[in-house]
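Just so it is clear, the model here is predicted, and its values are computed rather than measured. The chain is numbered in sequence order, starting from 1. When reading the values below, keep in mind they use all heavy atoms of this one structure, side chains included, and skip hydrogens, waters and symmetry mates.
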Amino acid sequence: MTLTDAPIAEQDGRRLAKVGLAAAMVSRLMGRLVGIVLVIVLARQTGAETVAVYGYLLGTATLVTMLTDLGVASVAGREVAAGRMPADGALRAALGPQVVSVVAAAAATVLLTVVWGPAEVPGSALALTVLFVLAGGLVNLWAEVLRATGRVLLEGALQFGSAVALVAVGSVVIIAGGSATDLLLVVLLKEVAVLLVGVALLRPRRREGVLARELLTQGLWMAVASTAVILLWRQGTLVVGAAGSVGALATFVVATRFFDAGVTVAHTAGFGLVPGLSALAADPVAFRRAARHYLKLAALAGLAIALVGWLVAGPITTIPFGERWADAVPAVRVVALSALPILVSYVAFTMFLARGQMRWLTGSAVGGTVAGIGATIALMAWRPDALSGVLGTTIGATVLVVLLLVGLRDLFRSAPDDAAQVSRGS
């Protein structure tokens, strides 16, 4: 059956998946590239204290926001894209749990900064960061629901445009001698502006039968799975830092800059596919076709990155970071190999979310994380260097993707088997 012969719903779902993936990749990755300009300007024009305060506050806020996320935004987006909930009703139902999660993130940011943060952090900068956490968490909710309504290009343009505006205004503030507090005010205003546009486009409305409890029940499974995966990616730093030398940790940090970039790309691809795959989930045949297509694309991209990364690990490490970091090259080669399981796992993650297989998703994430931590500890006990830390994380990622693919085994059957489809919420 050709695309023109396919049912309208399937055509819409396939188009939404394709456009959603492209919009997410372009807007987020281009936004990140543009953001590098601001970091360069900051590093060149200000002192170490400003860089440290700004970097610590935003880095801490971003991390705790991910850790406290209750998963309701992702589930709300899935339900809207699948046509099971109206957008305004899902937004209203998700709003309460989302506020709870961002308030928790704000409180954690304050606690971490006061107890363990740099002594130079001004109270005004911390206050602005708290407001940024609150606004940013709500922006994430609106973004998920807007994408679910099919407005992926609009949402992507909004994200990219706001990133460009932040860099432009932020650079002016820095060159004019502004402090970290001034720059954080610009960051906050950017988030507030995006939120106001989102509210203007879509307003929450109470709908009969659309309950926060339903979103929260499945969202908590998603939250545990996401937290486990974040821990898998971060545990190497903790284990290498505890069991290795300062040199080993420094080498690990350099090597895993490429690892972080790979995770960012994979995560972006995953959430970009959420609206389209969610819209197709009710049609087993269409979903199977799309799922196979995107899993194949992820595998091919992962293989290509692994091959190229293995071959050019030397120059891509020593040219930007310097010859003194040549010891990181073996670890960078392993990071390149990890591209395959990382890309496939994030695309598979989206398929579990779209079909409501939350328990298997969570079990796989926890299993991969436990395997990764255990492997890293064992390898560091054997040889305490950066390569062991990267190998341990790669082993965990491999276990994760194997478990996820086992849970999606029905997708690889040659004929449709509706009985094998996991019911929503199972």
Side-chain angles (χ1 to χ4, degrees), residues 62-78 97 101 105 140 144 215-239 256 259-260 262-274 277-278 281 291 294-295 298-299 302 335 338-377 389-411 422 424-426:
T62 301
L63 178 61
V64 297
T65 297
M66 291 188 293
L67 292 176
T68 60
D69 182 33
L70 296 175
V72 293
S74 297
V75 175
R78 179 197 71 190
S101 71
N140 289 339
E144 289 280 3
L215 298 177
L216 188 57
T217 299
Q218 294 192 52
L220 288 175
W221 288 101
M222 185 69 179
V224 174
S226 298
T227 300
V229 171
I230 292 169
L231 180 58
L232 172 59
W233 306 148
R234 300 300 179 192
Q235 54 83 28
T237 303
L238 300 176
V239 177
T256 52
F259 181 84
D260 290 343
V263 170
T264 299
V265 171
H267 173 70
T268 303
F271 78 71
L273 289 170
V274 170
L277 291 180
S278 297
Y294 288 109
L295 284 172
V335 168
S338 73
L340 176 59
I342 290 172
L343 272 169
V344 175
S345 66
Y346 270 102
V347 172
F349 222 79
T350 299
M351 294 170 188
F352 279 92
L353 173 63
R355 299 204 302 180
Q357 292 177 271
M358 310 309 291
R359 289 177 176 81
W360 190 284
L361 174 63
T362 302
S364 299
V366 172
T369 300
V370 171
I373 294 173
T376 304
I377 292 173
V390 173
L391 276 171
T393 303
T394 303
I395 290 171
T398 303
V399 172
L400 168 63
V401 77
V402 168
L403 292 174
L404 291 174
L405 291 177
V406 169
L408 297 174
R409 59 191 179 276
D410 61 290
L411 297 178
V422 179
R424 170 172 165 259
S426 63

Quick one: are Leu405 and Val401 in side-chain contact, heavy atoms under 4.5 Å?
yes
Tell me the closest heavy-atom pair linking Ala225 and Ala365, and the distance in Å.
O-CB, 3.6 Å
Which atoms form the tightest heavy-atom contact between Ser364 and Leu403, and what is the distance?
OG-CB, 3.5 Å
Correct closest heavy-atom pair for Ile342 and Phe259 would be CD1-CE1, 3.4 Å
For Pro97 and Leu216, the nearest pair of non-hydrogen atoms, with its separation, is CB-CD1, 4.2 Å
To the nearest 0.5 Å, atom CE of Met222 lies from atom CZ of Phe349 at 5.0 Å
In terms of heavy-atom contacts, Ser278 and Arg78 come closest through OG-CG, 3.3 Å
Run the side-chain donor-acceptor check on residues 263-274: report pairs under 3.5 Å with partners two or more places apart or on a different chain.
from   : atom 1 : to     : atom 2 : distance (Å)
Thr264 : OG1    : Asp260 : O      : 2.9
Thr268 : OG1    : Thr264 : O      : 2.7

Rounded to the nearest 0.5 Å, the CG atom of Leu343 sits from the CG atom of Leu295 at a distance of 11.0 Å
Rounded to the nearest 0.5 Å, the OG1 atom of Thr362 sits from the CD atom of Gln218 at a distance of 10.5 Å
Step-by-step side chain to side chain contact (heavy atoms under 4.5 Å, CB included) determination, Leu353 to Met358:
CA-CA 7 Å; Leu353 173 63; Met358 310 309 291; 4.1 Å; yes
Residues Arg355 and Asp410: closest non-hydrogen pair is NH1-OD2, 2.9 Å
For Thr369 and Ala228, indicate whether the former's side chain and the latter's backbone hold a donor-acceptor pair under 3.5 Å.
yes
Look up atom CD1 in Ile395 and atom CG in Leu232, then write down how far apart they are to the nearest 0.5 Å.
11.0 Å
CG of Leu404 to OH of Tyr346: how many Å apart, nearest 0.5 Å?
11.0 Å
Nearest-0.5 Å distance that lies between atom OG in Ser226 and atom CG in Leu70
11.0 Å
Judged by atom type as modelled, is there a donor-acceptor pair below 3.5 Å linking the side chain of Thr393 to the main-chain atoms of Trp233?
no
Exam field: side chain Thr376 to backbone Gly236, donor-acceptor pair closer than 3.5 Å:
no
Under 4.5 Å between any side-chain heavy atoms of Ser74 and Glu144, yes or no?
yes
